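Down below is the structure, laid out as structure tokens.
Per chain, numbering begins at 1; letters A, B, ... match sequence-line order. Only a predicted model underlies this, so the values are computations on that prediction, with no experimental measurement involved.
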Amino acid sequence: MHSVEYQNIKYLALENESVLETLLRNQIEVSYSCQSGICQSCILRMSEGEIPSESQKGLSTTHKEEKTILACVCKPINDVKIEQTSAPRKIINAKVIFKELAAENIVILKIKPEENFQYKPGQFIHLINNNFSRCYSLASHPTFSNELELHIRIAPNGLMSNWIFNDLKINDTIKIAGPHGYCYYSNENKNQNILLIAVGTGLAPLKGILKDTFFNNHQKEIHLIHGAIKTSGLYLLEELFDISALNKNFIFHPCALNNDDNHKLVHNTSIEKYIEEKFPDLSNWTVFICGNESFVKETEQQVFLQGANLNNIYSDAFVDRNQFKK
Amino acid sequence: MENIFKQIGEDAAVDAAVTIFYRKILKDNRIKHFFTDIDMKIQIGKQKAFLTMLFGGPNQYTGKDLRSGHAHLVKRGLNDEHFNAVVEHLSTTLSELKVPERIIEQIIGTASAARGDVLGRT
Ligand code: FES
């Protein structure tokens, strides 16, 4: 018989029992619904142990790589360790190397972990400051740099972002944990055109993913749409134009609702309209979407309606904590 | 019922069906507002579980799930007209997938039986 470890306690799995059944039998609260491996509401992560292939049926490639399983159809083959997909990872120290204001309210921060830190470009980490922590996506690529690049929007009343902006100095040490997330490039996407869509600092993970498409020598088209309210919010405009000049299969599409700088190459339109006009048929595309929650939800539906296959839509939504405060 | 699921091609058929079905729903002005502010992937997982149940595949989805899952929508005005619209899309989806008429009737019959639970009737 095998054991199932969850939150530091080991439970014995009965003969032919699924991980979900073992947990429920021991009165552990986990979410589930269909109990047949279809609805994906029982998703958990198997951090240790051999993953039975049927327990990953229907999951995306990146979910599989991150060792997620459907607990209701997962019958352990050996002793396993199970955790929530968002369970905290090991905390390590990182040193602040670079900090610069990239736009009115966006700081680019580069930090160097003090020990080996592995991640996929596009994943996110937790920054931790004493009693609070926030998630930020990685714009860097581990092969090209051992520094982690983060784009931080200074939120009005944002505890972490204002602390970073006002107090954090070069050479300070900061705590990080991670990585997390499933929004990254994988070999599965090799034969498809890629469309990256970001608003605001949603650009950070997509910059990481963009580098990864180059690193993997992606042969098909790669398009990046970056949207902001004002042109001044398109904080990597020059850099991205430079990159697209060097890579013939990469095209950059900046969009601003208010082209305040009258920049010739910025499209004065909403992302929604732009996608509808320029990318009417997305059936052979892999689409990555990052930004605030409502933008991500709407855009996911839009690209799905324009033909994108569900399994080819990757997204990461930033939750604005302040909007929940009364 | 078990064999409808087998006959129409098991999981692959459910995947194909859910994609077509959900696109129809999101395009329908009568009902799309019930779906626009939710997480699409989670929603599609539930639709899949529901369709699998309708097709008689392995499932534990129950009337209770349907009831509690729709209670907040009933508060927002979910009614027979909306339910009918969804059933209509299900039926055309199955026709498009060339599911035999006789089987479609059977599936729609099962789906219609969920009306009371979905609309929170006693
Ligand atoms: S409970 Fe539905 S997939 Fe496990």
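- Rounding to the nearest 0.5 Å places CG of Asp15(B) at 9.5 Å from CD1 of Ile38(A).
- For Lys64(A), the NZ atom is densely surrounded, since the number of other residues' heavy atoms within 6.0 Å is greater than 12.
- For the pair Arg23(B) and Asn309(A), the tightest heavy-atom approach, listed with the atom from each and the gap, is NH2-N, 4.5 Å.
- Using non-hydrogen atoms only and a strict 4.5 Å limit, the part of residues 27-35 of chain B facing chain A consists of Lys27(B), Phe35(B).
- Among residues two or more places apart in sequence or in another chain, the side chain to side chain contact (heavy atoms under 4.5 Å, CB included) test is passed with Ser41(A) by Ser33(A), Cys39(A).
- Pairing each heavy atom of Phe304(A) with each of Leu26(B), the nearest pair is CD2-CD1, 3.9 Å.
- Within 6.0 Å of atom NZ in Lys41(B), more than 12 heavy atoms from other residues, nucleotides or ligands are found, so the atom counts as buried in its surroundings.
- Distance SG/Cys34(A) to CE/Met53(B): 12.0 Å, rounded to 0.5 Å.
- Closest non-hydrogen pair, Met40(B) versus Glu300(A), comes out as CE-O, 3.6 Å.
- Annotation: side chain of Ile44(B) is not in contact with side chain of Gln40(A) (no heavy-atom distance under 4.5 Å).
- Within a 6.0 Å radius of CG in Leu14(A), other residues, nucleotides and ligands contribute more than 12 heavy atoms.
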